Each structure stands twice: as C-alpha cells, then as structure tokens.
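Structure first, then comments.
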Amino acid sequence: MANAATAAFIRSLPITAKSLADKFGVNVCFEGNAVPHTDGSTIVLPILSEESTLGDKEVFLGFLIHECAHVRLTDFRSLPPTGLANLFSATNMLEDCRIEEITCTCL
C-alpha cells in the first residue's frame with residue numbers, strides 16, 4: 001500500500017497528464033494496462049492504482065514526457081504503416097533513441 005503522499009500524487013497524475021497534453025495540443029486517455037503510445041494526436045497511458053509505488057509514478061511521468069516528445073519531434077508521416085510490424089518496430093526504436101537524445105539534451 002502506498003503512503004498518503006504517494007497515493008495523492010498518483011491521483012493527481014491524470015490532471016498533470018491532461019495539462020501537459022493540452023500544452024502540446026493533443027488528447028490524453030488512460031486505458032488499464034495499456035502500452036504507452038501516441039499517434040500524434042492522442043497519447044494513451046496506463047492507469048495507475050493507489051497501490052502504485054514511487055517508482056511507478058516516476059515511470060509514468062517518463063512515459064508522459066516521452067510520448068509528448070514524439071508529438072513534438074516525430075514526423076508521423078515518415079513512419080512505415082503499422083501493418084508492417086517489424087519495420088514499424090525497428091523504425092520506432094530508432095526514433096525513440098533520437099527523441100530521447102534530444103529530450104535529455106534539452107533538460
């Protein structure tokens with residue numbers, strides 16, 4: 001069970017996520033144990049429970065920042081169609097490295 005401060009922070013994460021997504025001009029939605037992803041107009045994030053830990057909320061914030069970076073930095077028109085799963089995955093891995101480098105350099 002999380003302590004009261006951690007539980008309160010976890011309850012505030014949807015508000016934080018929506019606020020940041022608004023600044024990027026995208027929607028954010030929460031789906032159970034979803035793998036975080038974006039299509040450039042919507043960011044999908046997993047739902048955290050009040051039993052989540054400090055590490056869980058740090059990972060959640062990392063997902064949020066990473067997906068916002070995709071919205072800002074990725075040219076979604078240049079990605080292969082998701083129907084070409086292997087090519088899409090390989091391209092996305094390279095794009096993840098590229099945006100992480102840019103994001104970490106900016107911090």
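Note: hydrogens, waters and symmetry copies are ignored here, and every other heavy atom, side chains too, is used. Residue numbers run from 1 in the order of the sequence given. This is a predicted model, so every value here is computed, not measured.
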Donor-acceptor contacts under 3.5 Å from residues 22-34 side chains, at least two apart:
none

Show every donor-acceptor pair shorter than 3.5 Å between a side-chain atom in residues 12-19 and any protein atom, with sequence neighbours excluded, or say none if there are none.
residue: Ser12; atom: OG; partner: Phe9; partner atom: O; Å: 2.7
residue: Thr16; atom: OG1; partner: Ser12; partner atom: O; Å: 3.2

Open item on the list: Going by the rule salt bridge (charged side-chain N to carboxylate O under 4.0 Å, His left out), which residues pair with Arg72 if we only count those two or more places apart in sequence or in a different chain?
Closed with: none
Task: side chain to side chain contact (heavy atoms under 4.5 Å, CB included) partners of Pro36, counting only residues at least two apart - done: Leu45, Pro46, Phe63, Glu67
Open item on the list: Is there a path of hydrophobic side-chain contacts, each under 4.5 Å between heavy atoms, that joins Ile43 and Val59?
Closed with: yes
- [ ] Would you give the length of the straight line joining atom CG of Leu73 to atom SG of Cys68, rounded to the nearest 0.5 angstrom?
- [x] 10.5 Å
Open item on the list: Under 4.0 Å between a side-chain nitrogen and a carboxylate oxygen: does that hold for Glu95 and Arg98?
Closed with: yes
Open item on the list: Do Ile47 and Leu20 land in one hydrophobic cluster if side-chain heavy atoms of ILVMFWY residues count as linked below 4.5 Å?
Closed with: yes
Task: Minimum-distance pair of heavy atoms, taken over all atoms of Glu101 and Thr105 - done: O-OG1, 2.6 Å
- [ ] Identify, with sequence neighbours excluded, every residue that meets side chain to side chain contact (heavy atoms under 4.5 Å, CB included) alongside Asn86.
- [x] none
TODO: Could I get the full list of side chain to side chain contact (heavy atoms under 4.5 Å, CB included) partners for Thr91, not counting sequence neighbours?
DONE: Leu79, Pro80, Leu87
Task: Minimum side-chain heavy-atom gap Leu84-Pro81 below 4.5 Å - done: yes
Open item on the list: Working note: His66 + Thr103, criterion side chain to side chain contact (heavy atoms under 4.5 Å, CB included); need CA distance, chi angles, decisive distance, verdict.
Closed with: CA-CA 8 Å; His66 177 85; Thr103 303; over 6 Å; no
